[in-house]
Amino acid sequence: MKAKKTFMDAGFSYDDITKMNQCSVKLIYHRLRGRIDKVSWRRVVCHNTGCPRWIFVLTMTAHDKLYTRDRLQRWGIQVDQECILCKRASETIQHLFFECPYANALWSKLLVWQGIKRSVYGWDEELRWVEKWTKRKNTAAELYKMALAATVYYVWQERNVRIFQAKARGWEIISKPIIQEIHCRSNKYIEKILHSLDRHPL
């Protein structure tokens, strides 16, 4: 009787309950939660072997939830809209990843390091590109996911350091710890492709 209300909330009638031979907690949970469509970029963040803090920032970016200056402006907070990294455009997620010349140069170098030769786009286009790339389910795709997560994290970190600590590093300096951390966090499958890549691409 105590569970009756839960079953009713999940959309089961009394007759449905009496006819049940077995009960699945998973089924009840999904009925209570309702239908939630999967996001198109789930492969980019799920099973990504990058550092947890990289994945967190990557997920926030994909959800358009980072506290960029344009978002703060929409909340009514008066802040300078200029991108702190390049001082050429307003700071948005689309600009910061990777229309900004600073972030563009960093990501371009890491793409070349992976053996990928193509132009770098803004965030929306980059996200669509990586969605297609990660469908391959091979070591190159796994490495790409790690590199993207690390790059997004380090660009966001550099942005915050410049704002709150008034310190600045060139993108050339940032690329080295990204590659070193990828080597440290790689698994036995990714190690095979890493051995063929330069540890220091600059």
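Keep in mind that the numbers below use all heavy atoms, side chains included, and drop hydrogens, waters and symmetry copies.
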Quick one: does T92's side chain get under 4.5 Å of T68's, heavy atoms only? no
I need the I163 CD1 to L85 CG distance, nearest 0.5 Å. 8.0 Å
Minimum heavy-atom distance W133-A140, with the two atoms named: NE1-O, 3.7 Å
Distance, nearest 0.5 Å, that separates CD of Q94 from CD of E125: 5.0 Å
In Å and rounded to the nearest 0.5 Å, what is the OH to CD1 distance from Y154 to I173? 13.0 Å
Enclosure of R42 CZ (heavy-atom neighbours >12, cutoff 6.0 Å): yes
Residue pairs passing the ring pair (Phe, Tyr, Trp, His ring centres under 6.0 Å) test with at least one member in residues 67-92, sequence neighbours excluded, are Y67-W75
Gap between atom CD1 of I193 and atom CG of N138 - 0.5 Å precision: 7.5 Å
Is there side-chain contact between I174 and V155, with heavy atoms separated by less than 4.5 Å? no
Provide the closest heavy-atom pair for A103 versus L96 in the form atom of the first, atom of the second, distance. CB-O, 3.2 Å
If two hydrophobic side chains count as joined below 4.5 Å and joins carry through other members, does F164 share a cluster with L66? yes
How about Y144 and W113: are their ring centres within less than 6.0 Å of each other? no
Just by modelled atom types, is the V120 backbone N or O under 3.5 Å from a matching donor or acceptor in the E126 side chain? no
Do side-chain atoms of R43 reach the backbone of K132 as a donor and acceptor pair under 3.5 angstrom? no
Strictly by side chain to side chain donor-acceptor pair (under 3.5 Å), give each pair with a member in residues 45-60 just once, sequence neighbours left out. R53-Y153
same_hphob_cluster(V112, F97) at 4.5 Å side-chain heavy-atom cutoff: no
Set of residues satisfying side-chain contact (heavy atoms from CB on, under 4.5 Å) with respect to Q81, sequence neighbours excluded: R69, D70, Q73, V79, S90
Separation between SG of C51 and CD of E181, rounded to the nearest 0.5 Å: 6.5 Å
If you apply the rule side-chain contact (heavy atoms from CB on, under 4.5 Å), what do you find for R118 with W129, and how did you get there? CA-CA 11 Å; R118 67 169 178 83; W129 196 93; 3.2 Å; yes
Between A141 and T134, what is the shortest heavy-atom contact and its length? CB-CA, 4.1 Å
With side chains defined as the heavy atoms from C-beta onward, is the minimum distance between E158 and Y102 less than 4.5 Å? yes
Residue among H183, R185, K145, M146 satisfying side chain to side chain contact (heavy atoms under 4.5 Å, CB included) with I190: M146
When hydrophobic residues are tied together by side-chain contacts of less than 4.5 Å, even through go-betweens, does Y189 share a cluster with L143? no
Before accepting this row, confirm whether a basic side-chain N of the pair E131/K135 lies closer than 4.0 Å to the acidic partner's carboxylate O. no
Please assess L194 against T139 for the test side-chain contact (heavy atoms from CB on, under 4.5 Å), listing each intermediate value before the final yes or no. CA-CA 10 Å; L194 284 175; T139 53; over 6 Å; no
Could you walk me through whether R88 and E99 satisfy the side-chain contact (heavy atoms from CB on, under 4.5 Å) test, starting with their C-alpha distance in whole Å, then the side-chain angles of each, then the deciding distance to 0.1 Å, before giving a yes or no? CA-CA 10 Å; R88 297 183 186 178; E99 292 176 353; over 6 Å; no
Between N104 (side chain) and F98 (backbone), is there a donor-acceptor pair under 3.5 Å? yes
Find out if a path of hydrophobic residues (ILVMFWY) with successive side-chain heavy-atom gaps under 4.5 Å connects F56 to V39. yes
To the closest 0.5 Å, what do you measure between CD1 (I93) and CE (M60)? 8.5 Å
Say whether V161 and I84 are linked into one hydrophobic cluster, either directly or through other cluster members, by side-chain heavy-atom distances under 4.5 angstrom. no
